[in-house]
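Take a look at the structure set out below.
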Amino acid sequence: MGIFSKKKSDNSELNAFLGVGTEYRGKLDFVGTVRIDGRFEGEISTDGDLILGRKASITGTVKVGRLTSCGRIEGDVVVKERSMLEKTSVLTGSLKTPVLVVEKGAVIEGSLAMTEGSTAVRPKVVTADFGGTSSETEESRVEVAETEESKDEVAKTGSDNTSI
């Protein structure tokens, strides 16, 4: 058997493709995986995968299951499972996703909400000074800003016992 006869078992088969030089305006609803390398203006909605090539330019609202972007997005983006912004990716607008992978060189300009399911993850801000010859004690070098609900979960080092 040749390499072209192998089937992938991860259901990542490409269902549609908008190539470089293609311009589309409107609403795109799909099942499975779609790759866009052209220009799209409007609304994209799916529980599947959206892959944006380096020449892709999206303007509008994007609601997808998984996003992999090497291109440009302007607008509001909601991702249910995982967002991957590769080094040539530019996102201007808002992004709401539970998992975000950003390569060095990618640009996000706007708001970012890391969510777990339908509720936002409560941020825990930790600042620490591990250098210097100060006579401060270990407890005073680490400051933890926390919500009322998580006070018992956060140790003096700023780590918590909850799983992510």
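Heavy-atom basis, side chains included; hydrogens, waters and symmetry copies ignored. All values reported here derive from a predicted model rather than from experimental measurement.
Nearest heavy atoms, Glu103 versus Lys87: OE1-N, 3.1 Å. Smallest separation of non-hydrogen atoms from Ala56 and Leu52: CB-CB, 3.9 Å. Annotation for Gly53 and Arg35: closest pair CA-NH2, 3.6 Å, computed over non-hydrogen atoms.
Under the 4.5 Å side-chain heavy-atom criterion for grouping Ile, Leu, Val, Met, Phe, Trp and Tyr, Tyr24 is connected to Ile44 within one hydrophobic cluster. Linking Ile, Leu, Val, Met, Phe, Trp and Tyr residues whenever their side-chain heavy atoms come within less than 4.5 Å places Ile58 and Leu95 in a single cluster. Hydrophobic clustering places Phe30 together with Ile36 (ILVMFWY residues linked when any side-chain heavy atoms are closer than 4.5 Å, directly or through intermediates). Following chains of ILVMFWY side-chain contacts shorter than 4.5 Å, one can reach Leu18 starting from Val77, so the two form part of one hydrophobic cluster. Val102 and Val90 fall into different hydrophobic clusters, where Ile, Leu, Val, Met, Phe, Trp and Tyr side chains are chained together by heavy-atom contacts under 4.5 Å.
Arg72 CZ to Ser89 OG: the interatomic distance, rounded to the nearest 0.5 Å, is 9.0 Å. To the nearest 0.5 Å, the span separating NZ on Lys63 from NZ on Lys80 amounts to 9.5 Å. To the nearest 0.5 Å, the span separating CD on Glu23 from CZ on Phe40 amounts to 12.0 Å. For the atom pair Ile73 CD1 and Ser83 OG, the distance stands at 8.5 Å (nearest 0.5 Å). With values rounded to the nearest 0.5 angstrom, Glu86 atom CD is found 3.5 Å from Cys70 atom SG.
With salt bridges taken as basic N to acidic carboxylate O contacts below 4.0 Å, one links Asp49 and Arg66.
Residues Glu74 and Glu109 are not in side-chain contact: their nearest non-hydrogen atoms beyond the backbone lie 4.5 Å or more apart. No side-chain heavy atom of Asp37 sits under 4.5 Å from any side-chain heavy atom of Thr22.
Remark: of the listed residues Val101, Thr97, Leu67, Val101 is the sole one forming a side-chain contact (heavy atoms from CB on, under 4.5 Å) with Arg82. Checked against Val79 for a side-chain contact (heavy atoms from CB on, under 4.5 Å), the options Val64, Leu100, Val99 give a single hit: Val64.
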* Asked: For Thr46 and Val34, what are the C-alpha separation, side-chain angles and deciding distance, and is it a side-chain contact (heavy atoms from CB on, under 4.5 Å)?
  -> CA-CA 10 Å; Thr46 185; Val34 169; over 6 Å; no
